[in-house]
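Predicted model only: the values in this text are computed from it and were never measured. A note on names: the letters A, B, ... follow the listed sequences, proteins ahead of strands, and every chain is numbered from 1.
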Protein chains: 2
Amino acid sequence: MGQVKQILIVDDETAIREMIAVALEMAGFECIEADNALTAHALIIDAKPDMVLLDWMMPKMSGIELARRLRSDALTADIPIIMLTARDDEDHKIHGLEAGIDDYITKPFSPRELVARLKSVLRRVTPKGIDQVVEVEGLRLDPVSHRASSQGTALDLGPTEYRLLQFFMSHQDRAYSRTQLLDMVWGGNVYVEERTVDVHIRRLRKALGDRHQYLIQTVRGTGYRFSTQTQ
Amino acid sequence: MGQVKQILIVDDETAIREMIAVALEMAGFECIEADNALTAHALIIDAKPDMVLLDWMMPKMSGIELARRLRSDALTADIPIIMLTARDDEDHKIHGLEAGIDDYITKPFSPRELVARLKSVLRRVTPKGIDQVVEVEGLRLDPVSHRASSQGTALDLGPTEYRLLQFFMSHQDRAYSRTQLLDMVWGGNVYVEERTVDVHIRRLRKALGDRHQYLIQTVRGTGYRFSTQTQ
DNA sequence: CTTCCCTGTAACATATTTGTCATATTATTG
DNA sequence: CAATAATATGACAAATATGTTACAGGGAAG
C-alpha cells in the first residue's frame with residue numbers, strides 16, 4: 001500500500017483550510033496548513049509534502065507566484081500543485097498552465113470532487129517503479145511475485161490478463177484504443193484481431209469479479225480505460 | 001514564453017495599413033501586409049500568419065469572400081480573422097455570413113482598441129495542447145481519460161456528442177456553419193444531411209443539462225457557437 | 001505422447017449510436 | 001399580425017459497437 005500522502009493546504013482563510021483539511025483527512029490524507037505563500041514556501045522546503053493545494057488569491061505573494069518559485073527550484077519542481085481559483089477566469093488558467101500547474105479547481109467545489117481530482121493527479125504524477133506494488137481499492141498487483149489479489153485473495157489470471165491488468169494499473173484514468181492496447185500489452189509486432197482485445201477484457205473482468213469489475217471501463221467508440229471514478 | 005505573433009493586414013488603403021502596422025508593432029507584433037485579397041491569400045498560404053486583419057470592402061475579391069475561402073481550406077481554417085468594417089456596413093455584420101469570423105472592428109477605431117481585441121482573440125484561439133484539459137464554468141473535458149463532467153459529475157455523451165463538445169471547447173467564441181461542423185467533427189468525406197447537425201446539437205444540449213446548455217448557442221442563419229458570453 | 005491451460009477467432013446476442021423524417025416552436029419580415 | 005423561414009424536438013429503424021460464448025489449435029509440463 002502507498003504511504004500516507006501529506007498534503008499542504010495554502011489559503012489565507014482559516015475556514016476554508018479547515019474545511020479542506022477535514023475532507024482530506026477523512027479520505028486518508030495527512031494535512032499541513034499555511035495561511036500565506038511565504039510560510040508555505042518554508043514549509044514545503046522543510047516538510048516536502050506530496051502535493052500542494054494552493055489558493056490563487058492571497059495577500060503578499062500570490063499563489064501563482066509561489067507556483068513559479070516552486071517550479072524553478074529543482075528541489076520542489078516535482079511537487080504537484082493544484083490551484084484553487086475563485087472564478088474560472090480564462091487568463092488565470094492560461095497563466096496557471098504555463099506555470100506548471102497540474103490541475104485547478106474552481107470554488108466552490110465539493111469535497112468529493114476535490115478528493116477525486118487530488119487522487120487523480122497523485123496517480124498521474126507518482127511514478128510507478130516497474131517493480132512497485134500497485135494497489136487500488138483493495139485490488140493489488142505485485143510485479144515481483146507476479147501475483148494479483150482482490151481483498152487478499154489471489155486472482156486467477158492468465159498471462160495476458162495479468163499483463164493487461166498491470167498495464168492498466170500503471171496507466172490509470174486514460175482511455176486506450178484497442179490498437180494501443182495491442183501495441184502496449186501484446187507487443188508491437190503481432191498481428192491479432194482488434195476484437196481479441198474485447199475477449200481478454202471480458203476474461204479480465206470476469207476474473208476481477210463483481211468487486212472490481214467497474215475499474216475496467218468501456219469507452220464507447222474509443223476503447224477501454226482503467227479508473228476508480230464512475231463513468 | 002509566447003512567440004512573437006505575426007499579423008497579416010489586408011486593406012487596399014496604404015495609409016490605413018501603415019497606421020495599423022505601426023500600432024501593432026508598438027504592441028510587440030510582427031506585421032506583413034497585402035493590398036488585395038488575392039495577394040493576401042498567397043501570402044497566408046506562404047507565411048502562415050497567426051492572425052489576419054481583413055478589410056470588408058476591397059476591389060477584386062471582397063474580404064468576406066477571402067474569409068470564406070480560408071475557412072473552407074483545412075490548412076487555413078484555424079487562422080483567426082478579425083474583420084474591419086466601415087460604419088455603414090454594420091448590417092453585414094448581422095446578416096452576413098458570420099461563420100468563422102472571430103471578431104469585428106468598426107472603423108474608425110483606436111489603436112488601443114484594436115490591440116486589445118486582437119490580444120483577446122489570440123488568447124482564446126491559441127491552440128491548447130491537444131491533450132489539455134479544458135474547463136469552462138464547471139464544465140470540464142479531459143481528452144486523456146476521454147471524459148466530460150459537469151460540476152464534477154460525469155456526463156453521458158455519445159461518441160459524436162463528445163467529439164462535438166471537444167471541438168467546441170477548443171474553438172470557443174466562434175460561429176460555425178453546419179457544413180463546417182460536419183467537416184471538422186464528422187470528417188471531410190462523409191455525406192450527411194446538414195440538419196443532422198441540429199439533432200446532435202440537441203443531444204449535446206440535453207446531455208449538458210440546464211446548468212450548461214447556454215454555452216451552445218444558435219446563430220440564426222449561420223450555425224452554432226460555443227461561448228460563455230450571453231448572446 | 002497426453003493432458004491441461006492459453007489464445008485467437010468466429011459467431012451470435014445485446015446495447016448504443018446515428019442519420020432522417022415529420023411535426024412543433026420560434027424568430028424574422030413586411 | 002400574418003406569412004415565411006429557420007430551428008428545435010421526438011420518434012424510429014438501420015447501422016455499429018461491444019458483450020459473451022464456444023471451440024479448435026498450440027505449446028509446455030509431465
Side-chain angles (χ1 to χ4, degrees), chain A residues 146 148 154-167 175-183 185-187 189-210 213-226 231, chain B residues 91-99 146 148 154-167 175-183 185-187 189-210 213-226 230-231:
Chain A
H146 216 263
L155 292 179
D156 183 34
L157 297 179
T160 307
E161 282 72 62
Y162 177 85
R163 269 178 296 144
L164 193 53
L165 181 59
Q166 179 174 36
F167 176 77
Y176 290 97
S177 69
R178 287 161 235 272
T179 306
Q180 287 177 314
L181 289 173
L182 283 175
D183 281 351
V185 177
W186 273 252
N189 46 8
V190 287
Y191 171 66
V192 186
E193 285 295 318
E194 286 211 341
R195 293 299 311 280
T196 298
V197 174
D198 297 33
V199 180
H200 283 277
I201 288 282
R202 154 77 173 142
R203 290 171 178 154
L204 179 52
R205 278 174 171 157
K206 200 189 252 180
L208 290 183
D210 292 334
Q213 291 222 58
Y214 75 100
L215 292 167
I216 310 285
Q217 302 172 350
T218 302
V219 185
R220 218 149 219 278
T222 298
Y224 298 95
R225 165 181 59 205
F226 183 99
Q231 296 247 21
Chain B
D91 290 354
H92 295 184
K93 179 167 164 183
I94 301 163
H95 295 306
L97 216 225
E98 75 174 280
H146 212 272
L155 255 43
D156 183 36
L157 298 178
T160 305
E161 282 72 62
Y162 178 87
R163 281 194 315 257
L164 194 54
L165 181 60
Q166 180 172 34
F167 176 78
Y176 290 94
S177 69
R178 287 163 234 273
T179 307
Q180 289 175 322
L181 288 173
L182 283 174
D183 280 351
V185 176
W186 272 251
N189 46 8
V190 288
Y191 171 65
V192 188
E193 286 294 319
E194 286 212 339
R195 288 273 141 221
T196 299
V197 173
D198 298 32
V199 179
H200 282 277
I201 288 283
R202 154 74 175 145
R203 288 170 179 156
L204 179 53
R205 279 174 171 157
K206 199 190 254 181
L208 291 184
D210 292 333
Q213 291 222 52
Y214 74 99
L215 292 167
I216 309 285
Q217 302 171 352
T218 302
V219 185
R220 202 150 227 275
T222 298
Y224 299 93
R225 167 179 54 204
F226 182 100
T230 345
Q231 301 243 26

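Near-neighbour residues of DNA chain D inside residues 156-165 of chain A, defined by a heavy atom below 4.0 Å, are absent.
Taking F167(A) as the reference, H171(A), Y176(A) meet the ring pair (Phe, Tyr, Trp, His ring centres under 6.0 Å) condition, with sequence neighbours excluded. With sequence neighbours left out, R178(B) forms a salt bridge (Lys or Arg N to Asp or Glu O under 4.0 Å) with D198(B). Judged as a side chain to side chain contact (heavy atoms under 4.5 Å, CB included), and not counting sequence neighbours, the contacts of R203(B) are E161(B), V199(B), H200(B). Listed by chain and number, the residues in a side chain to side chain contact (heavy atoms under 4.5 Å, CB included) with V192(A) are L182(A), W186(A), V190(A), T196(A) (sequence neighbours excluded). Evaluation of the side chain to side chain donor-acceptor pair (under 3.5 Å) rule for Q166(B) yields no partner, not counting sequence neighbours. Looking at residues two or more places apart in sequence or on another chain, you find a side chain to side chain donor-acceptor pair (under 3.5 Å) between D210(A) and Q213(A). With sequence neighbours excluded, the residues satisfying side chain to side chain contact (heavy atoms under 4.5 Å, CB included) with R163(B) are T160(B), V185(B). Contacts of Y162(A) classified as ring pair (Phe, Tyr, Trp, His ring centres under 6.0 Å), with partners at least two apart in sequence or in another chain: H146(A).
Residue L181(B) contributes atom CG, which lies 13 Å from atom P of dG19(C) at whole-angstrom precision. Look at CG on L204(A): it is 15 Å from C1' on dT7(C), rounded to the nearest Å. The interatomic distance linking H200(B) (NE2) with dT7(D) (C1') rounds to 16 Å, in whole Å.
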Practice task
Start with the C-alpha gap between Y224(A) and V219(A), add the side-chain angles, then the distance that decides, and say whether side-chain contact (heavy atoms from CB on, under 4.5 Å) holds.
Solution key: CA-CA 5 Å; Y224(A) 298 95; V219(A) 185; 5.7 Å; no

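Rounded to 10 degrees, the angle between the two end axes of the helix from dC1(C)-dG30(D) to dG30(C)-dC1(D) is 30°, with five pairs used at each end.
Within the structure, a side-chain polar atom (N or O) of W186(A) is placed less than 4.0 Å from OP1 or OP2 of dG8(C).
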Extract from the structure each pairing of a protein N or O with an N or O of nucleotides 15-19 of chain D at less than 3.5 Å, listing the distance.
| from | atom 1 | to | atom 2 | distance (Å) |
| --- | --- | --- | --- | --- |
| dT18(D) | OP1 | R178(A) | NH2 | 2.8 |
| dT18(D) | OP1 | G221(A) | N | 2.9 |
| dT18(D) | OP2 | R178(A) | NH2 | 2.4 |
| dT18(D) | O5' | R178(A) | NH2 | 3.2 |
| dT18(D) | O4' | R220(A) | NH2 | 3.4 |
| dG19(D) | OP1 | R205(A) | NH1 | 2.9 |
| dG19(D) | OP1 | T218(A) | OG1 | 2.6 |
| dG19(D) | OP2 | Y224(A) | OH | 2.5 |
| dG19(D) | N7 | R195(A) | NH2 | 2.9 |
| dG19(D) | O6 | R195(A) | NH2 | 3.0 |

Every protein N/O within reach of nucleotides 22-28 of chain D N/O, cut-off under 3.5 Å:
none

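Rounded to the nearest 0.5 Å, atoms CG (L204(B)) and CG (L157(B)) are 6.5 Å apart.
When all heavy atoms are compared, the tightest approach of P159(B) to G221(A) is CG-CA, 4.3 Å. L155(A) approaches A207(A) most closely through the heavy-atom pair CD2-O, 3.4 Å.
When atom types are taken as modelled, the side chain of R205(A) and the backbone of I216(A) share a donor-acceptor pair closer than 3.5 angstrom.
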